[in-house]
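Counting starts at 1 for both ligands and their atoms, in listed order. Remember, it's a predicted structure, so these values are computed and weren't measured experimentally.
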Amino acid sequence: MKELGIYIHIPFCIKKCEYCDFISYYDKNIYIEKYIKALKKEIKNTLEPLVIKNLSLKNSQYKITTIYIGGGTPSSIPSKYILEIMNTINKINNIKNNSIEVTIEMNPGTVTKQELIDYKKAGINRLSIGLQETDNKLLKSIGRIHTYEQFIDIYKLAREIRI
Ligand code: SF4
């Protein structure tokens, strides 16, 4: 069985940072729901043949070994969508009881305790918390929406919740 790493892109942000080259939009939130719907369809159509039906690649069934949810800012959309994405994957390939690495990117200015709890429920076990700089003036000048203190708060919350 071959190994499969999945990358899921969430192209939404609260605002655009000055240095950003990634595909992300701060002014297209009206499309979040439609995007998630299309994403779930894409996951089903792409993943099923690889891990279940084994149609596209003869005798080459895959198993998921890592999942990375990046962006954009995945933590800027409601966590119910992250749960929906992970449920879609789980229906095809149950990774809940497997010890695979599941990561989500977060911006410290966009996360609450409840969202961290939802991420854990979704099977996420690794956080990538974006901190480009510890100096608040510099953070502001490059267009980040959070402070260093907010980063520390989120880090402590994540440790408390034991993600
Ligand atoms: S949070 Fe990340 S993806 Fe979003 S605008 Fe800033 S650098 Fe770009």
Side-chain angles (χ1 to χ4, degrees), residues 3-47 50 64-90 92-93 95 100-163:
E3 296 188 350
L4 183 68
I6 297 179
Y7 173 74
I8 295 167
H9 192 75
I10 305 293
F12 303 100
C13 286
I14 302 293
K15 74 184 275 286
K16 201 76 180 162
C17 300
E18 300 296 335
Y19 59 90
C20 182
D21 255 347
F22 302 109
I23 297 174
S24 69
Y25 306 95
Y26 67 91
D27 56 354
K28 303 219 182 311
N29 284 0
I30 53 163
Y31 296 115
I32 291 176
E33 197 160 343
K34 271 188 180 169
Y35 181 82
I36 298 298
K37 200 174 165 194
L39 184 61
K40 288 189 290 183
K41 199 171 165 189
E42 178 73 11
I43 289 170
K44 201 169 152 30
N45 291 345
T46 311
L47 211 52
L50 293 177
I64 301 171
T65 52
T66 59
I67 299 174
Y68 191 99
I69 306 172
T73 307
S75 57
S76 70
I77 65 171
S79 51
K80 67 172 185 172
Y81 292 128
I82 304 297
L83 281 158
E84 286 180 18
I85 291 166
M86 291 302 295
N87 281 341
T88 305
I89 295 173
N90 268 310
I92 301 167
N93 186 158
I95 49 112
I100 73 161
E101 186 180 279
V102 185
T103 305
I104 190 166
E105 280 182 354
M106 299 179 357
N107 181 310
T110 61
V111 194
T112 62
K113 185 174 183 177
Q114 186 53 52
E115 279 166 331
L116 288 173
I117 290 168
D118 285 347
Y119 294 163
K120 188 171 180 178
K121 218 185 287 173
I124 289 164
N125 53 26
R126 183 171 177 265
L127 303 174
S128 170
I129 311 173
L131 177 72
Q132 319 301 322
E133 177 52 59
T134 56
D135 182 317
N136 284 335
K137 274 189 195 151
L138 270 175
L139 281 172
K140 199 172 177 186
S141 72
I142 60 174
R144 299 292 291 178
I145 60 166
H146 61 86
T147 60
Y148 177 57
E149 290 71 27
Q150 278 175 294
F151 166 81
I152 295 294
D153 287 347
I154 290 300
Y155 172 78
K156 283 182 182 164
L157 262 181
R159 297 289 293 180
E160 187 188 313
I161 294 164
R162 292 175 181 269
I163 291 191

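With Lys121 contributing its side chain and Leu83 its backbone, the two residues share no donor-acceptor pair below 3.5 Å. The backbone N or O of Gln150 sits less than 3.5 Å from a side-chain atom of Thr147, completing a donor-acceptor pair.
Checked against the 6.0 Å centroid criterion, the rings of Phe12 and Tyr35 qualify as a close aromatic pair.
In this structure, Leu157 CG and Ile152 CD1 are separated by 12.0 Å, a value rounded to the nearest 0.5 Å. Considering CG of Leu4 and CG of Asn93, their distance stands at 8.5 Å, rounded to 0.5 Å.
Only protein N, O or S atoms were scored, and 1 of them lie under 2.8 Å from atom 6 (Fe) of ligand 1.
Atom numbering of ligand 1 starts at 1 in the shown order; those under 4.0 Å from a heavy atom of Gly72 are 3 (S).
Between Ile129 and Val111 there is no side-chain heavy-atom pair separated by less than 4.5 Å.
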